[in-house]
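Below: one structure, written as structure tokens.
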Amino acid sequence: MSRNNPINPTRLSTNTAMEESPIITPLNEEQRKAVTTPPGPVLVLAGAGSGKTRALVHRIAWLIQEHGTAPWSIIAMTFTNKSAREMQNRIEELLIAPTRGLWIGTFHALGLRMLRQNWQAAGLPEQFEVIDNADQLRQIKKSMEELKLDEKSFPPKQILWRINACKDDGHRAHNLPGELSKDEIFSLVYQNYQKRCQQLGLVDFGELLLRTYELLKNNQIVREHYQNKFEHVLIDEFQDTNHIQFQCALLLSSSHQNIFAVGDDDQSIYGWRGARVENMLGFNRTFPSASTFRLEQNYRSSGYILQAANAIISKNSGRLGKRLWTNQADGEPIQIYRSYSETEEAQFVVSIIRSSVASGSAHNEHAILYRSNAQSRAFEEQLIAQGIPYSVYGGMRFFERAEIKNALAYLKLAVNRDSDPSFDRVVNMPPRGIGKQTMDSVRLTAARHNTSLWEASLLAVDDPETSSRSRESLKRFRAIIERIASLSKDRPLDALVETSLHESGLIDHYSKDRGETAISRIENLKELVTAAESYTSEHSQEGPSQREDELNLFLNHTALEPGPRGTEEAHDSVQLMSLHSAKGLEFNTVFLCGMEDGLFPHQLSISEGNLEEERRLCYVGITRAMQKLYLCHASSRTVFGKPMRCMPSRFLAELPENLFPDARQSSFQRQNPEMNPGSGDATMTDIFGNALELGCTVHHGKFGEGTVINAEGTGASARVQINFPEVGQKWLVLNYARLKRI
DNA sequence: ACGGCTGGTTTGTGG
DNA sequence: AACCAGCCGT
């Protein structure tokens, strides 16, 4: 992304003033046209690696420096926290001066910001809380309990899924479209869940967007305020916006229509969460006066990789139609590897990374990409075994871990005593003798007096009917919260977090257990203190803030940010992530793993008939690679603890054979990765005559089991390189080694 | 009240 | 294999 553009634009430029500008100079002709086009509706169709982010970043810089726009008059919407951060950094680099007042962030973060500023107009309590998926599921279950609905016949997960889908499309429970409105059970749960959230002041991720939309749509004063404030609206990854997000952008820009959208229909991979490519395909209908630009020159990948990407994506129908091209040479051939199991796949990938690092590459130039997060496990095990540093993105987030949520619940109660979900979560965590009986009576009191659990617990303490044991326990709990709250007034954030861990008794509780999980929980809690510390230092320049505000802001931050950062990116490590989270990134070497039918494309997508989105995901994966691409598949994989046979992904069959000049057989199904590219037809075998292939597992009398990672020579001099997890890598001559294929 | 056990269920991608 | 809800013994 941040590489230099090889085009020398001075020859193309006719404007002398512009030649001097670092904002314009590094751009190619199409990029420059897009960046410098006069304000108004603009659509940039940008292929993978064609400088999409670059166009957006330079557009913002151009608006500020050349067009004289104030930073605070610009709002830029991205999809991930990561790309928001990257854009912010790159703009500051370009402009040298910090860009104060520029609104740049994810749709969710920007929505939250508007809702916090206008909580009253949005119909929310001042202390509303953002809840994650797990909390949302908990509330849905409670709703269903209240409605006496059986979880077996109405799976809460499915209901959650459907509620979110409704919110993505802008539907409230009382206003469901067609068929859904006939599902009385569903609309009842949706309604009840929403009422619950409103009472408790809870906002789920979908609600964050829907509320923002409703706020802008229904409140003229707020709408006009933001319309006047923001003279320019910019959208990254436009193909992934859902209905509500696009409507928000339209509302914000409706008075001036200065909307700059950048995207690639071929990289639309979020249909499952409501994304509408039509927002992009119909842009010119929405804005007949829009200017459209196409960026088709790819600066990222070598020729073979780009050909593979084009071959895959050309199998899709209904595309806007773009053809990426490059000046680069073909580069290194793409490699397909088949392994026996996921363990072997991991051993293989890690071996390659090892030798690549040994020959001078950095760890973080290697990415291991997979369809589902569960696949990271096998790779992590191998990387740990071989002592290679790595970072996993996605999966369970730091702030979603149970121990972290417990710690945060204490802090939330200190800020807002009426946070019932937090009360519920930690009133008996660590266990302090407040069980079902006690809580049932507290809940009853709360319902009768229409108060929060906190208020009700005070009534229970004063009520002689309450058992003295319960009374004492509740008193103790209330004292802990009050104590943390009083400390929050004059203690710096990190010290406050640290003290609250002890005051709450969480540290003591987890310390009692010497088990592995308990130890990692303690470590995570310590990490929370570090996270608080770095949050303070990173945000201190944003002006002096009250101590209490600081805690509030930190809690806000934990709702949307994935976790403590800086460690992964600063630290040179192998990058592990899902294909979805890899979007927008690039790596020298990419391992696309688990390329098996049923896994990728995923079985559920196959049965939903959603193959085209899976294919785009494959396209995204391939186009992440700059120099080397490995496509891996296993012939057997453990699913739910049982080994299952796997067929190679149908996407592999869609790649033309000329991309694999090393391969001697055309069909990948028969083409076990060839042992000895380009050196005759010798077949390597073990002592029984079983063919040896790259990636297969063999047994050696002295070294044990290992994976074949390389081979050379023929006849008596034929030898193979084997990676033994215990002993490391060895070259062994076949005639002597007595290898047995397993 | 609470922790440990058991058997049934489950994992698709993210803010 | 890992996670959970529900059951049971202390």
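Residue numbering restarts at 1 for every chain, and letters A, B, ... go by the order of the sequence lines. Atom set for the values below is all heavy atoms of this structure, side chains included, hydrogens, waters and symmetry mates excluded. Everything quoted here is computed from the prediction, not taken from an experiment.
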Would you call the rings of A/H366 and A/F591 parallel, tilted or perpendicular if under 30° counts as parallel and over 60° as perpendicular?
parallel

* Asked: Would you say B/dG12 has OP1 or OP2 under 4.0 Å from some side-chain N or O of A/S605?
  -> no

Report task. Looking at every strand, decide which applies to A/R432 at a 4.0 Å heavy-atom threshold: base, sugar-phosphate, or nothing. Result -> sugar-phosphate

When rounded to whole Å, the CD1 to P distance for the pair A/I434 and B/dA1 reads 10 Å

Taken to the nearest whole Å, CG/A/L599 to C1'/B/dG12 is 10 Å

**Asked** Are the ring of A/Y270 and the six-membered base ring of B/dT13 within the stacking cut-offs of under 5.5 Å and under 30°?
**Response** no

Q. At under 4.0 Å, does any side-chain N or O of A/T638 touch on OP1 or OP2 of C/dA1?
A. no

Looking only at B/dC2, B/dG14, B/dT11, the nucleotide nearest the A/P431 side chain is B/dC2

Would you say A/R377 reaches B/dT11's phosphate, i.e. side-chain N/O to OP1/OP2 under 4.0 Å? no

Base, sugar-phosphate or nothing for A/N133? Non-hydrogen atoms, less than 4.0 Å.
base

From CG of A/D440 across to P of B/dA1 the rounded distance in Å is 9 Å

Is A/N164 close enough to B/dG14 that one of its side-chain N or O atoms is under 4.0 Å from OP1 or OP2 there? no

Here the distance between atom P of B/dT11 and atom OH of A/Y370, to the nearest Å, is 18 Å

Heavy atoms only, 4.0 Å cut-off, all strands: where does A/E608 land among base, sugar-phosphate and nothing?
base

Between A/A446 and A/L453 the two heavy atoms that sit nearest each other are CB-CD2, 4.1 Å

Between A/L209 and A/E614, whichever has its closest DNA chain B nucleotide further toward 5' is A/E614

| said: Can you tell me if A/S578 touches the phosphate of B/dG12, counting only side-chain N or O atoms and a distance under 4.0 Å to OP1 or OP2? | reply: no

To the nearest angstrom, the CD-P distance between A/E612 and B/dT13 comes to 22 Å

Atom CD1 of A/I269 and atom C1' of B/dT13 are separated, to the nearest Å, by 8 Å

A/M396 CE to B/dT13 P, in whole Å, measures 13 Å

Checklist entry - When all nucleic acid strands are considered with a 4.0 Å heavy-atom cut-off, which category describes A/Q603: base, sugar-phosphate, or nothing? => result nothing

Do the rings of A/F554 and A/H557 sit parallel, tilted or perpendicular, given the 30° and 60° boundaries? parallel

Only one of A/R319, A/R616, A/K52, A/R615 passes salt bridge (charged side-chain N to carboxylate O under 4.0 Å, His left out) with A/D266, and that residue is A/R319

Is A/K152 near enough to B/dT9 that one of its side-chain N or O atoms lies under 4.0 angstrom from OP1 or OP2? no

Tell me whether the OP1 or OP2 atom of B/dG12 has a side-chain N or O from A/N373 closer than 4.0 Å. no

Atom NZ of A/K157 and atom C1' of C/dC3 are separated, to the nearest Å, by 10 Å

Verify the stacking flag for A/F640 against B/dT11: centroid separation must be under 5.5 angstrom and the ring planes must differ by under 30 degrees.
no

Closer than 4.0 Å, any side-chain N/O of A/K436 to the OP1 or OP2 of B/dC2? no

Looking only at B/dG14, B/dT13, B/dA1, the nucleotide nearest the A/R273 side chain is B/dG14

(request) Assign the ring pair A/H580 / A/W272 to parallel, tilted or perpendicular, where the plane angle (0 to 90°) is split at 30° and 60°. (result) perpendicular

Interatomic distance, CD1@A/I244 vs CD@A/E214, rounded to 0.5 Å, equals 7.5 Å

Side-chain atoms of A/H602 come closest, of B/dG12, B/dA1, B/dG14, to B/dG12

